[in-house]
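In what follows, a single structure is set out as structure tokens and then discussed.
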Amino acid sequence: MGKNNKSTLLKIDNLSISYGVVNALRNISLEINKGEIVTLIGSNGAGKSTLLGSVLAMHSVDNGEVIFCGEDITHLPTERIVASGICLLPEGRGIIPLMTVLENLLLGGYYLNKTDLEKHLKYVYERFPILKKRNKQQAGTLSGGEQQILSIGRGLMSAPKLLMMDEPSLGLAPVMVEELFKIIIDLNKEGYSILLSEQNARKALQCSHRAYLFETGNIILKGTAEEVANDPMVREAYLGMEWRKNP
Amino acid sequence: MNQFALEVFGAQLVNSLAIGSIYAILVVGFNLLLLIGGIFQYAYPHLVVMSMYICWLVLMATNNNRILGILAAILASIVINLATEPLFRPLVKRKASVHTFVLSLGIATIAMDVMNRMINTGRPIAFPPQFSGLQSLVKVGIVTISIGQFLTIFGSIVAMFIFIYMLYRTKQGRAFRAMAQNLFVARVLGIPITRQRILSYAIAGLLGGISAVFFAMTLGSVWSTIADILALKVLVAVLLAGMGNLKGGLISAYIIGIIEGLSLAYLPGDWTNAIVFGFVIAIVIIKPKGLFGLRA
């Protein structure tokens, strides 16, 4: 792991977070370079979601720091971190059900001025025409796949420097999962840096550059996606049994 | 005789609508604090009544300057509501919703005591006729409306319209609705939730101040214990509609105003509250989610 600071986008250093007596994260260090897709794999409750949340300062930190574009954001208010260019697509897609597709998209550009808002909206509509077609429809009435696209579109509204996705493939039909990972790869080709948390380890490792394996709040393995995928433990626990875990 | 009966009915209906309008504003303010502020603000009507007392004090001090009186009521309501925010904040942060109810009960009790002991030696206060507009009557057909009632009904509708426009047509409203539907996602999207919460107290205070002015206009006098009665009515309207249902709350506020006004006119007066609450008990048992369901 080279220490090339020029290309480091996000650096998490020795981060620990606990909920009461439970240690959710223990001295976690990881980094994401510009233009990378980095995947966090691990089972439920391993601390992946907590880590993504902690980047947005959603939890109180015991020790350690989060550096984004060279700036310490560990204790900044969430809204300032979001405004500085980090976007989280929450687990379960997190669309606002009783608002229209358009209103959801506008919320994604909460910090933009009017011209940027319109520009980004046009871009998102061009990228995902389905959202334009459904723009007046209540978001809660969309299908699961459409909701995931809305979630991504809403995330792109702010043109983030770092896109974090929490379990994006969860609960999607297999066809849609294929489509989703295609979108992720395309976004990365367009220049988006992506931090992915996934239980669908096979798919995630196929599309990402590097990966970290989480277990009970610790990183127990890290390396390029290929190295992690070829690790015997990962093969047995996360790839071999995958068809049973994600029917 | 028949003509007279109709006139009484008309007058009662207008009165019911005026009272219902005041309940409606209070219900909106209460729901705003519930959904955005994250608190169960039982003391909201108490703070409104307190603003009426301050309005009265300013009227006394300025030789009945109406403009200053109205400004005082609205400003007082905003300031008092905002002043409670730091008390609620730690409870809201640790999601102790039941505790917010306990805290608001405490605030209500203290507010009552302040009004009882410190203002006008605890006696009811009467607003001067030129403020209340009880005397100036307008006759429309068989219905007689006082200026105060007219302003209350009309002004409340305008206030509601502006509020609903804000909620459904502006960026501010989108932020509020997102917070009400999914606080976690609202935060992830970068909505500054603490600032929005404080703003919800200010808007609830503004609405409370407006209702305080209208209440003074329709009622003409006020006393501290009316706050408890008001609080119960607001609670009833909120429960009737389903907690946090804004539009439903508006409708049930008018329903309660009308039931109350008409039962006051045509049934033994002492039973008004029993009848209103009897109705609510029936609704809560038969339709536990309220007349209009949750969060429409």
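The sequence lines fix the lettering, A, B, ..., with proteins before strands; numbering per chain opens at 1. Everything numeric here is computed off the predicted structure, so don't read it as measured data.
- Residues A/Ile96 and B/Asn182 are in side-chain contact: their nearest non-hydrogen atoms beyond the backbone lie under 4.5 Å apart.
- In this structure a side-chain-to-backbone donor-acceptor pair under 3.5 Å is missing from A/Tyr110 to B/Leu189.
- Both the backbone and the side chain of B/Ala175 come within less than 4.5 Å of a heavy atom in chain A.
- Rounded to the nearest 0.5 angstrom, B/Arg174 CZ and A/Leu107 CG are separated by 6.5 Å.
- Residue A/Arg80: no heavy atom, backbone or side chain, is found under 4.5 Å from chain B.
- Of the atoms belonging to A/Ala139, not a single heavy atom falls under 4.5 Å from chain B.
- The pair A/Glu103-B/Arg177 meets the salt-bridge criterion, with a side-chain N (NZ, NE, NH1 or NH2) lying under 4.0 Å from an Asp/Glu carboxylate O.
- For A/Lys132, the NZ atom sits in a loose shell: 12 or fewer heavy atoms of surrounding residues, nucleotides or ligands are nearer than 6.0 Å.
- The parts of A/Met58 that come within reach of chain B are both its backbone and its side chain, each placing non-hydrogen atoms under 4.5 angstrom from that chain.
- For B/Val185 against A/Gly94, the heavy-atom pair with the smallest separation is CG1-O, 3.1 Å.
- Counting all heavy atoms, side chain and backbone alike, B/Gly190 lies closest to A/Glu79 at O-CB, 3.3 Å.
- To the nearest 0.5 angstrom, B/Phe184 atom CZ is 6.0 Å from A/Leu88 atom CG.
- Here the closest non-hydrogen pair linking B/Gln181 and A/Met99 is NE2-CG, 4.0 Å.
- Counting heavy atoms from C-beta on, the side chains of A/Thr78 and B/Val188 never come closer than 4.5 Å.
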